[in-house]
Amino acid sequence: MILDRIEQLIQEVQNLKAANEQDVEQLRLKYLSRKGEISQLMNDFREVAAEQKKEVGMKINQLKQMATEQINLLRETFAAQETSDESIDLTRTPYPIRLGTRHPLSIVTNEIIDIFTRMGFVLADGPEVEDDLHVFTKMNFAADHPARDMQDTFFVSQHPNDVTKNILLRSHTSSVQARVMEHMHTADGKLTEPIRVICPGRVYRNEAITARAHCFFHQVEGLYIDKDVSFTDLKQVLLSFAREMFGPDTKIRLRPSYFPFTEPSAEMDISCFICGGEGCGFCKHTGWVEILGCGMVDPNVLELCGIDSKIYNGYAFGMGVERITNLKYRVSDLRMFSENDTRFLQEFQSA
């Protein structure tokens, strides 16, 4: 009888089991497809006696609803198992992402900072959009000093009648030194504590962009102000830095130079670490490579910043980060540092 067949199928549907999604699909085809068991019952329903049609129809509907629920439940179970698999990251992009790397300028800047902080220097920072007072005036540049033209400055606003009101993009991080000095003394010019700072940052100069020059670059400057500071102290700090940065056998030499904010002033060279000082194409066969400028802080700078130059003195130095990076990695074109070419940056992935 058809009722017995329906009861048998109800018992089967109540105990449906599947090992995978393919088994679930086979169960759907067996019970719910056009040629499945329930469709066959619907065909046989036509031959059921009139007095039984109501009971048989209700039983078929019950079977169909039960089969649909059981098969959907099995399908959801396998779907949940798939999404809970810890080996699948649903947030991952559909294409492989290459690991990034620190920029070579950041690598070298951090290395420079690490060396000097281990010597007792602390970091100092200041604005990139500065005023003339801190960039030039307090650094001992006279109002008509030719060095103001030599800097090729980017001016934001100019006041011909009062240069101290000029606003510009800083052309060196010495402006940070000026801001540090003016906030580290009492009213009578006494230091609240010795000043020992390094000032890393970006600077700007109105220069044509070529393989050897750019309109912006990066500097790290250092300043030490205290009582009885000597040029020998400066030389020892720079020698220690050079050996930490370029190797323990590195030698240095200091050549007389001129900067408005230091007196005496010097340029510092290191022995070529490519040829060991013997002379090669990299050092132009001199055995030496220039890396920074330095000197004893001019007493006028101390006075302009409110520090008594009769009690205190100090030294300052400054280097271009691009210059040091070129020496370490021999990058031939300065423009590569700012073009964001991933092929270039990938070369520093292990640095």
Side-chain angles (χ1 to χ4, degrees), residues 111-124 126 134 137-141 147 172-186 188-200 219-271 277 288-321 323-324:
E111 188 173 356
I112 294 171
I113 290 172
D114 178 66
I115 293 171
F116 283 110
T117 52
R118 283 189 277 114
M119 295 184 194
F121 288 81
V122 297
L123 283 174
H134 293 91
T137 304
K138 290 198 172 187
M139 287 291 106
N140 201 35
F141 289 79
H172 49 199
T173 53
S174 301
S175 57
V176 181
Q177 298 179 16
R179 288 188 175 274
V180 170
M181 284 188 283
E182 69 182 9
H183 289 99
M184 294 286 288
H185 62 80
T186 60
D188 58 355
K190 303 291 180 61
L191 287 180
T192 55
E193 60 181 282
I195 298 173
R196 190 191 293 258
V197 297
I198 51 172
C199 315
Q219 287 184 334
V220 175
E221 297 196 22
L223 175 70
Y224 178 42
I225 305 294
D226 200 358
K227 297 178 180 179
D228 302 321
V229 180
S230 68
F231 202 95
T232 301
D233 298 327
L234 169 63
K235 182 179 179 181
Q236 186 58 48
V237 164
L238 296 181
L239 176 62
S240 299
F241 163 73
R243 289 179 173 174
E244 285 274 353
M245 178 63 72
F246 299 105
D249 297 328
T250 303
K251 299 177 182 178
I252 67 170
R253 73 175 183 182
L254 298 172
R255 296 177 287 105
S257 186
Y258 166 76
F259 304 108
F261 35 83
T262 54
E263 180 59 38
S265 303
E267 299 276 2
M268 191 182 92
D269 304 329
I270 61 169
S271 55
W288 298 93
V289 181
E290 178 188 334
I291 66 166
L292 58 82
C294 61
M296 302 301 291
V297 178
D298 193 299
N300 288 337
V301 172
L302 296 176
E303 295 292 340
L304 289 168
C305 293
I307 298 174
D308 191 341
S309 62
K310 296 182 179 61
I311 302 176
Y312 302 99
N313 66 336
Y315 60 73
F317 55 85
M319 66 193 78
V321 178
R323 175 67 171 166
I324 303 297

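Along the sequence shown, the residues carry numbers beginning at 1.
Under the side chain to side chain contact (heavy atoms under 4.5 Å, CB included) criterion, Thr232 pairs with Ser230, sequence neighbours left out. Not counting sequence neighbours, the partners of Lys227 by the side chain to side chain contact (heavy atoms under 4.5 Å, CB included) test are Ile311, Tyr312. Listed by chain and number, the residues in a side-chain hydrogen bond (donor to acceptor under 3.5 Å, both in side chains) with Arg179 are Glu130 (sequence neighbours excluded). For Glu263, the salt bridge (charged side-chain N to carboxylate O under 4.0 Å, His left out) criterion is met by no residue, not counting sequence neighbours. When the side-chain hydrogen bond (donor to acceptor under 3.5 Å, both in side chains) test is applied to His134, the partners found at least two apart in sequence or on another chain are Asp131, Glu182. Take Glu221 and apply the side-chain hydrogen bond (donor to acceptor under 3.5 Å, both in side chains) test, not counting sequence neighbours, and it matches Thr173, Ser174, Gln177. With sequence neighbours excluded, the residues satisfying side-chain hydrogen bond (donor to acceptor under 3.5 Å, both in side chains) with Thr262 are Ser265. Under the ring pair (Phe, Tyr, Trp, His ring centres under 6.0 Å) criterion, Phe116 pairs with Phe121, Phe241, Phe317, sequence neighbours left out.
Shortest non-hydrogen contact noted between His185 and Cys305 is NE2-O, 2.9 Å. Taking every heavy atom of both residues into account, Val197 and Ala124 meet most closely at CB-CB, 4.1 Å. Looking at every heavy atom in both residues, Gly318 comes nearest to Leu292 through O-CB, 3.2 Å.
In this structure the side chain of Val229 never reaches within 4.5 angstrom of the side chain of Ile225, judged on heavy atoms. Two residues are said to be in side-chain contact when any heavy atoms from C-beta on lie closer than 4.5 Å; His172 and Phe259 fail this criterion. Contact check for Leu123 versus Ile198: side-chain heavy atoms found under the 4.5 Å cut-off. For the pair Val321/Val220, a side-chain contact is recorded, criterion being any heavy-atom separation below 4.5 Å from C-beta on.
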List the atom pairs, donor and acceptor, that lie under 3.5 Å between side-chain atoms in residues 293-304 and the rest of the protein, sequence neighbours left out.
unit_1, atom_1, unit_2, atom_2, d
Asp298, OD1, Asn300, N, 2.8
Glu303, OE2, Ser309, N, 2.9
Glu303, OE2, Ser309, OG, 2.6

Please output the side-chain donor-acceptor pairs of residues 245-255 that fall under 3.5 Å, not counting sequence neighbours, one pair per line with the distance.
unit_1, atom_1, unit_2, atom_2, d
Thr250, OG1, Gly247, O, 2.8
Arg253, NE, Asp269, OD2, 2.8
Arg253, NH2, Asp269, OD2, 3.3
Arg255, NE, Asp269, OD2, 2.6
Arg255, NH2, Asp269, OD1, 3.1

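Interatomic distance, Asp226 CG to Asn313 CG, rounded to the nearest 0.5 Å: 8.5 Å. Taken to the nearest 0.5 Å, the CE atom of Met319 stands 7.0 Å off from the CG atom of Leu238. Note that CD1 of Ile113 is 11.0 Å distant from CD of Glu111, once rounded to the nearest 0.5 Å. Atom CG of Leu234 and atom CG of Leu239 lie 11.0 Å apart (nearest 0.5 Å). Atom NZ of Lys190 and atom CD1 of Ile307 lie 12.5 Å apart (nearest 0.5 Å).
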Walk me through it: do Val237 and Tyr224 pass the test side-chain contact (heavy atoms from CB on, under 4.5 Å)?
CA-CA 11 Å; Val237 164; Tyr224 178 42; over 6 Å; no
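Within a 6.0 Å sphere centred on CG of Asp114, other residues, nucleotides and ligands contribute more than 12 heavy atoms.
At distances below 3.5 Å, at least one donor-acceptor pair connects side-chain atoms of Asn140 with backbone N or O atoms of Pro260.
Applying the salt bridge (Lys or Arg N to Asp or Glu O under 4.0 Å) rule to pairs touching residues 230-247 yields Arg118-Glu244, sequence neighbours excluded.
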